[in-house]
Amino acid sequence: MLAYPYVFSAVRNTLFIASVAALISMLLVTLISWLSVRGGIRASWIPDRLAFMIIGVPGIVIGLSLIFIYTAVPIPIYGTTWIIILALVTM
């Protein structure tokens, strides 16, 4: 398997996607938890409820909706690693 020329590229992409998605997710979770515990604003419960709403939606539905959204919107993100990162952060 090490003789295959694309193995190292695939490993590099996988490590990049995993680290960036984990970093973004942790930053969002920290912000949401801080807002829900110490948020002095009226609607500080909204991000907390939105974060738990994803539990009720199956992954295939989220994946298909991301594909439909980013093929219709003229943002050139479809077919790149960034759409995978966005889907992982969403999940």
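Worth saying up front: this structure is predicted, and the values here are computed from it rather than measured.
Residue pairs meeting the ring pair (Phe, Tyr, Trp, His ring centres under 6.0 Å) criterion with at least one partner in residues 23-61, sequence neighbours excluded, do not occur; the list is empty.
Here I32 contributes atom CD1 and L50 contributes atom CG; the two are 8.0 Å apart, rounded to the nearest 0.5 Å.
Residues that satisfy the side chain to side chain contact (heavy atoms under 4.5 Å, CB included) test with V73, not counting sequence neighbours, are I69, I75. Judged as a side chain to side chain contact (heavy atoms under 4.5 Å, CB included), and not counting sequence neighbours, the contacts of P58 are I60, V61. Not counting sequence neighbours, the partners of Y4 by the side chain to side chain contact (heavy atoms under 4.5 Å, CB included) test are Y6, V7. S33 is linked by a side chain to side chain contact (heavy atoms under 4.5 Å, CB included) to nothing, counting only residues two or more places apart in sequence or in another chain.
Linking ILVMFWY side-chain heavy atoms closer than 4.5 Å, directly or via other members, places I46 and M53 in a single hydrophobic cluster. Grouping the Ile, Leu, Val, Met, Phe, Trp and Tyr side chains by contacts below 4.5 angstrom, directly or via other members, places L64 with L66.
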Listing, residues 81-91 side-chain donor-acceptor contacts under 3.5 Å, not counting sequence neighbours, or none:
from : atom 1 : to  : atom 2 : distance (Å)
T90  : OG1    : L86 : O      : 2.7

Report all side-chain donor-acceptor pairs from residues 8-19 shorter than 3.5 Å, counting only partners two or more places apart or in another chain.
from : atom 1 : to  : atom 2 : distance (Å)
T14  : OG1    : A10 : O      : 2.8
S19  : OG     : L15 : O      : 2.9
S19  : OG     : F16 : O      : 3.1

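Counting side-chain heavy-atom gaps under 4.5 Å among Ile, Leu, Val, Met, Phe, Trp and Tyr, the cluster of L27 also holds L23.
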